[in-house]
Amino acid sequence: MTQEILALCRAMGADQEELLLPLVQAVEEQLARRLKEGVTPQDCGQAFPLAAAMIAMDHLSAMSGGGGGEITSFTAGELSIRKESGGGSGKSLAAQAGGLLAPWLRDSGGFAFQGVEG
């Protein structure tokens, strides 16, 4: 599955080849540990390698300083320079990957209401 994830990263424009393999391996292991008990990466179909590639690309982007979600602004007189996110949903690739794999992931331990009467 590692090779499939690497291929997806390259298709998404990964250009830091020396970092790519160890990063993909780490993301693949981390993501596999987050799966529900008894669920394997293969059970997730194409969602697993795609989510892993999205997370790896998010990490690569952060390492290269292209965090994507940063908004900066500089104005001097009539000259304005601003860097904004590249459009899309406003969510990081890692957050989108989590949504993609949500049916197969364990509960994250987040806050939930249970048995609350109105």
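Treat the numbers as computed from the prediction; the structure is a model and nothing was measured. Numbering of residues begins at 1 and proceeds along the displayed sequence.
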What heavy-atom pair brings [X] and [Y] nearest, and what distance separates the two atoms?
X: Ala14; Y: Leu60; answer: CB-CD1, 4.0 Å
X: Cys9; Y: Met57; answer: O-SD, 3.7 Å
X: Ala47; Y: Trp104; answer: CB-CZ3, 3.8 Å
X: Val39; Y: Cys44; answer: CG1-SG, 4.2 Å
X: Val24; Y: Ala56; answer: CG2-CB, 4.2 Å
X: Val27; Y: Ala52; answer: CG1-O, 3.5 Å

Subject >> Contact list for residues 24-33, test side chain to side chain donor-acceptor pair (under 3.5 Å), sequence neighbours left out >> reply: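 Output for this query lists Thr2-Glu28.
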
Original post:
Which is it for Asp58 and Met54 under the side-chain contact (heavy atoms from CB on, under 4.5 Å) test, yes or no, and what are the steps along the way?
Top reply: CA-CA 6 Å; Asp58 201 34; Met54 291 168 72; over 6 Å; no

Original post:
Glu37: what forms a salt bridge (Lys or Arg N to Asp or Glu O under 4.0 Å) with it, not counting sequence neighbours?
Top reply: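 Counting only residues at least two positions away or on another chain, Glu37 forms no salt bridge (Lys or Arg N to Asp or Glu O under 4.0 Å).
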
Solution key, residues 16-23 side-chain donor-acceptor pairs under 3.5 Å, sequence neighbours excluded:
from: Glu17; atom 1: OE1; to: Arg10; atom 2: NE; distance (Å): 3.4
from: Glu17; atom 1: OE2; to: Arg10; atom 2: NE; distance (Å): 3.3
from: Glu17; atom 1: OE2; to: Arg10; atom 2: NH2; distance (Å): 2.5

Subject >> Separation between CG of Leu50 and CG of Leu100, rounded to the nearest 0.5 Å >> reply: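 If I round to the nearest 0.5 Å, the distance is 5.5 Å.
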
Subject >> Interatomic distance, Leu93 atom CG to Ile55 atom CD1 [nearest 0.5 angstrom] >> reply: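 One gets 9.5 Å once the value is rounded to the nearest 0.5 Å.
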
Original post:
Between Asp43 and Thr40, is a side-chain hydrogen bond (donor to acceptor under 3.5 Å, both in side chains) present by the stated rule, with each step listed?
Top reply: CA-CA 5 Å; Asp43 294 335; Thr40 68; 3.2 Å; yes

